[in-house]
Structures are given as C-alpha cells and as structure tokens.
Amino acid sequence: MSYICLLLSGAALLINGLGLLGRVPARDSGFFNLAIGALQLGIALLIASAGGTGAATSAAGIVLFGLTYLYVGLSSVAGLGSAGVGWFCGFVAVLALGFAATSAARDPLTSVLWLSWAVLWTLFFLLLARGAARLTSVTAWSAILVGTCSTVLPAALGLTGVWPTDVTAVIISAVVLGVLYSVAATVGARPVQPVAAARTPVTA
C-alpha cells in the first residue's frame with residue numbers, strides 16, 4: 001500500500017478515535033474523512049493506472065480504506081446513521097484477512113498489519129452495525145493507539161527505505177500491536193458516556 005496513504009489513514013484513525021471519545025465534533029471529523037477518502041481514491045487510481053499485479057493489489061487495499069473514510073464522512077456530515085458504515089466495515093474486515101493471507105509469504109510485515117486492521121474494522125462493525133455501545137471506548141482507543149501506530153510508523157519506515165523483512169522484526173511488530181490492543185481494552189474498560197450512533201464518526 002502507498003506509504004502516503006498509510007500516513008493519511010493514520011491521521012483519519014486518530015481523528016475518528018478522538019471523535020468516538022467526544023473530543024472532535026462529528027461534523028468536523030466528517031469533512032476530514034471526506035477529504036482523506038477522496039485523496040486516497042485519487043492515489044489508488046494513479047497506482048492502478050501503472051498496471052501490474054502488484055499495483056492492482058496495492059490500489060485495491062487503498063480503495064477499501066478510501067471508501068471507508070468517504071462513507072464515514074458522508075454519514076457524519078449528512079447524518080445518515082451508522083449501520084451501513086458498520087456493515088461495510090465488516091466487509092472490509094473479511095477482505096483484510098484475505099490480504100493478510102496472500103501477503104504472508106512475500107511480505108510478512110504487511111500481513112501482520114492487515115491482521116491488525118481486520119481486528120480494528122471488526123470492532124467498528126460490532127459497534128456500528130451490531131449496536132455494541134459498550135465497545136465505544138475500546139474501539140476509540142484501538143483506533144488511536146493501534147490505528148495510528150500500524151499506519152504512521154510503517155509509512156515512516158517505507159519512506160526512509162528501511163522496510164523490515166526479517167522474522168524478528170515481524171514478531172516484534174505483532175507483539176507490539178497485540179500489546180497496544182490490550183492497552184486499548186484496559187483503558188477503554190473505563191465507563192464513558194455513549195456516543196449517539198447517528199452521529200458517530202467511524203473507522204478506519
């Protein structure tokens with residue numbers, strides 16, 4: 001996936017996580033998501049036009065992220081509700097497992113990242129499509145901690161040309177992401193005031 005798109009996703013996940021915690025107004029995060037989604041779809045189009053299997057795979061992953069942010073933005077700005085976004089997140093979570101499986105052999109770190117995103121999108125699915133309001137804070141902190149670390153840090157590594165491929169780095173990455181999810185679950189267990197579903201800024 002494009003490193004620029006990873007940076008954009010990190011920003012969107014941070015804002016959406018803060019939105020779930022009530023720190024960013026839904027309308028503000030909505031317009032931000034619209035901008036991020038539009039940029040990512042534009043980048044995906046440019047990558048796809050380059051041709052080749054690798055380009056198509058990268059573009060497909062970016063499209064999933066970009067459409068999610070566009071859907072989130074429209075839902076927040078137009079007050080469309082969150083059920084549709086939630087079911088789309090469930091769809092993306094399933095596809096993320098597929099991306100993780102197909103990239104395991106050639107790029108194990110990317111596989112680990114896709115697995116972490118599958119978990120994150122599953123949380124959004126449970127919160128928004130299944131009405132699991134008790135997961136609001138856990139999902140928010142997962143987006144802030146796991147979402148930003150699994151996008152911004154890999155983007156920085158890729159942009160500096162030091163993308164890790166050794167097994168040790170991959171294992172460390174998996175452990176760190178697992179720990180961050182545990183921290184998010186612990187911090188998110190604290191009682192919070194539920195956010196209205198129709199105004200919930202969602203995802204990834």
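Model, not experiment: these values are computed from the prediction.
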Distance, nearest 0.5 Å, that separates OG1 of T139 from CG of L127: 5.0 Å

V167-V112 co-clustered via ILVMFWY side chain contacts under 4.5 Å: yes

Close side-chain approach of V170 and P164, heavy atoms under 4.5 Å: no

Minimum side-chain heavy-atom gap C149-V176 below 4.5 Å: no

4.5 Å side-chain heavy-atom contact, L115 and L97: yes

Any donor-acceptor N/O pair, S76 side chain to G30 backbone, under 3.5 Å: no

Where C89 and F125 come nearest, the two heavy atoms and their spacing: CB-N, 4.1 Å

Contact check, side chains of V119 and L177, non-hydrogen atoms, under 4.5 Å: no

Partners meeting side chain to side chain contact (heavy atoms under 4.5 Å, CB included) with V187 (sequence neighbours left out): W141, V183, R190

Any residue meeting ring pair (Phe, Tyr, Trp, His ring centres under 6.0 Å) with F88, in chain and number order, not counting sequence neighbours: none

is_close_aromatic(F65, W121), centroid dist under 6.0 Å: yes

Minimal non-hydrogen separation, L46 against S49, with atom names: O-OG, 2.6 Å

Polar side-chain atom of N16 near backbone of A12 as donor-acceptor pair, under 3.5 Å: yes

S182 side chain vs G178 backbone, donor-acceptor pair below 3.5 Å: yes

Linked, directly or transitively: W163 and I171 (ILVMFWY side chains, under 4.5 Å): yes

Backbone N/O of A55 and side chain of S58: donor-acceptor pair under 3.5 Å: no

L120 side chain reached by Y181 side chain, heavy atoms, under 4.5 Å: yes

Nearest atoms (heavy-atom pairs only) where V146 meets S116: CG1-CB, 4.3 Å

Non-hydrogen side-chain atoms of R130 and W87 separated by less than 4.5 Å: yes

Inter-residue atom distance L13.CG - S150.OG, 0.5 Å rounding: 7.0 Å

Donor-acceptor pair, side chain of D28 and main chain of V24, under 3.5 angstrom: no

Heavy-atom side-chain proximity of P108 to T165 below 4.5 angstrom: no

Same cluster (ILVMFWY, side-chain, under 4.5 Å), L45 and V63: no

Check: Q40 and S9 side chains under 4.5 Å, non-hydrogen atoms: yes

Rounded distance (nearest 0.5 Å) linking atom CD1 of I4 with atom CG of L159: 7.0 Å

Minimal non-hydrogen separation, A155 against L6, with atom names: CB-CB, 3.7 Å

A48 to A59 - nearest heavy-atom pair and separation: CB-CB, 3.9 Å

From CG (L67) to CD1 (I62), nearest 0.5 Å: 12.0 Å

Set of residues satisfying ring pair (Phe, Tyr, Trp, His ring centres under 6.0 Å) with respect to F99, sequence neighbours excluded: W114

Gap separating the CG atom of L21 from the CD1 atom of I144, nearest 0.5 angstrom: 4.5 Å

Residue pair L74 / L34: nearest heavy atoms and the distance that separates them: N-CD2, 3.7 Å

L153 reachable from L145 in the ILVMFWY side-chain graph, under 4.5 Å edges: no

